[in-house]
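Model, not experiment: these values are computed from the prediction. Residue numbers begin at 1 in each chain, while the letters A, B, ... track the order of the sequences.
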Number of protein chains: 2
Amino acid sequence: MTTTIGLGLAVSTVIFALRADATGAPSVWLPLVRRTRDPYLDRWALPGGMVRVDESLEGAARRNLGETTRLEPTYLEQLYAFGDVDRSPDQRLVSIVYWALVRPDEAERVTLGENVRWFAADELPDLAFDHNLIVDYALWRLRTKMEYSRIAHAFLGPRFTLAELREVYEAVLRKPLDPANFRRQMETSGVIEPTGEVVTGGRHRPPRLYRYTGAVDLVDAGPLSRRATGAVRPDLRNSA
Amino acid sequence: MTTTIGLGLAVSTVIFALRADATGAPSVWLPLVRRTRDPYLDRWALPGGMVRVDESLEGAARRNLGETTRLEPTYLEQLYAFGDVDRSPDQRLVSIVYWALVRPDEAERVTLGENVRWFAADELPDLAFDHNLIVDYALWRLRTKMEYSRIAHAFLGPRFTLAELREVYEAVLRKPLDPANFRRQMETSGVIEPTGEVVTGGRHRPPRLYRYTGAVDLVDAGPLSRRATGAVRPDLRNSA
DNA sequence: ACAAAAGTGTTAGAAATACACCCATGA
DNA sequence: TCATGGGTGTATTTCTAACACTTTTGT
């Protein structure tokens with residue numbers, strides 16, 4: 001009755017990780033996969049695939065992520081549904097796009113090869129479909145959300161120095177931040193607390209290690225976090 | 001090949017308008033439609049319908065809006081894609097949900113009757129599917145976005161007094177705002193300008209009429225806003 | 001004149017910003 | 001000792017909230 005024939009429903013994911021660029025400074029990178037069939041044969045594209053009837057949208061995103069890149073992101077959130085009639089030359093294709101953040105150590109798990117490669121987010125080639133547009137939008141979301149939420153910690157492990165946390169912000173926002181003011185903003189926000197440990201070995205005063213408190217004050221948690229399924233919203237997943 | 005059988009793709013829209021509540025004060029209302037078939041026969045639900053193969057997602061939302069309520073909203077933005085496996089007891093149903101704002105005079109165009117009715121946003125009955133959750137999320141988005149964007153103008157006509165604009169904010173945010181400070185915030189933001197006209201007839205000093213300057217786009221068209229024009233996104237305009 | 005809402009002025013406190021300067025370590 | 005980044009102190013500016021006060025109309 002409501003069966004939709006000729007209309008494909010897919011998911012794709014924009015995966016962000018911080019890696020060193022040519023100058024050695026950390027910047028935003030993402031893995032892309034080379035298409036092995038038409039349309040856009042041999043063009044680079046976002047990892048993704050069709051949604052199966054028995055899996056949720058986020059589930060489909062996670063499955064495709066694992067199958068193509070072996071990644072299990074610490075942060076995964078829906079970005080937007082793209083459904084223009086002409087966005088695929090082949091058939092009508094609606095894509096639910098997610099965006100993900102992974103830690104550097106996770107990023108190393110990506111199976112590199114002829115068909116999977118990392119690209120600097122601001123030096124992308126011409127991608128398949130409308131994927132350049134999608135990445136631009138995801139980058140805008142990443143940078144916007146970095147300013148008012150605490151997603152930065154999705155790029156880090158459970159313990160980190162304030163310098164490491166600040167470098168995440170600086171890499172994503174592409175501007176230097178005052179270490180003194182950054183420290184105070186983080187301390188007064190109450191989202192981090194010192195573990196009591198310090199890191200020795202540097203040729204300078206040993207920095208303290210911090211952890212996230214989980215005292216969630218996420219302004220944008222929204223009703224989705226209280227979903228009946230018990231599924232925690234990606235935003236909150238790391239807060240425990 | 002990629003044909004999806006048994007997976008329905010629908011659009012629904014949460015339509016917000018300001019109407020007087022029991023006390024006469026303006027508050028947020030939305031129109032719902034009564035379902036005329038299973039599942040959820042006779043339950044109230046968001047207006048919506050299936051996406052046709054030859055129409056965009058937003059186009060499908062606008063078409064369904066017109067067919068069920070005769071509304072042509074001034075503001076329409078994608079909210080979220082809901083796709084849990086069990087959200088419809090019938091078949092697998094993925095819904096792309098939009099949210100819309102309409103002016104009071106537009107709201108009057110809604111064809112009321114046995115199967116279409118306005119409800120106060122905070123006094124909803126048990127709705128069909130997961131529509132209570134969806135409305136909660138849309139309300140959260142409305143209130144959040146009211147604080148940092150200029151969507152309030154979508155509830156008003158081309159000319160308005162500062163008191164009218166303030167009442168929109170107060171109705172949505174459900175808290176009183178200082179008229180003096182509100183005036184200054186609006187004036188310094190540069191998004192409104194006086195028309196030179198005043199409104200006479202009140203038993204008090206005639207208020208000036210203002211218009212929106214157009215310095216910032218009303219609709220957040222998502223990634224599409226910079227596709228053709230290369231325009232800066234509204235939210236980023238003040239950060240440079 | 002009075003009530004009511006429009007509109008202006010002023011001040012206190014909070015928050016962001018800039019930057020001087022001390023601290024603790026490795027070499 | 002010096003270089004290096006970690007960390008603290010503090011003055012300046014900017015933003016926000018609170019509220020006293022003046023203006024202009026209708027009755």
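As a whole-Å value, the separation of B:Glu197 CD from C:dA6 P is 17 Å. Distance A:Arg183 CZ to D:dG6 C1': 6 Å, rounded to the nearest Å. Atom CD in A:Glu164 sits roughly 11 Å away from atom P in D:dG7 (whole-Å rounding). Taking atom CG of A:Asp178 as the reference point, atom P of D:dA11 lies 17 Å away to the nearest angstrom. What separates CG of B:Leu177 from P of C:dA6 is a distance of 14 Å, to the nearest Å. As rounded to whole Å, 11 Å separates atom P of C:dA18 from atom CD of A:Gln185. Atom CD of A:Glu187 is separated from atom P of C:dA16 by 14 Å (rounded to the nearest Å). What separates CZ of A:Phe182 from P of C:dA15 is a distance of 18 Å, to the nearest Å.
If you check D:dT27, C:dA18, D:dG7 against the side chain of B:Arg203, the one that comes closest is D:dT27. With D:dA18, D:dT4, C:dA6 as the candidates, the nucleotide lying closest to the side chain of B:Asn181 is D:dA18.
For A:Arg205 and A:Ala180, each mapped to the nucleotide of DNA chain C holding its nearest heavy atom, the one lying further toward the 5' end belongs to A:Ala180. Place A:Arg184 and A:His204 on DNA chain C by their nearest nucleotides, and A:Arg184 ends up nearer the 5' end.
Taking the centre of each ring, A:Tyr137 and A:Tyr80 come in below the 6.0 Å mark. Between A:Tyr212 and A:Phe160, a ring centre-to-centre spacing shorter than 6.0 Å is recorded.
The residues A:Lys175 and A:Glu170 are annotated as not salt-bridged, no charged nitrogen and carboxylate oxygen being separated by less than 4.0 angstrom.
Side-chain contact check for A:Glu167 and A:Tyr169: no donor-acceptor pair (N or O, by modelled atom type) lies under 3.5 Å.
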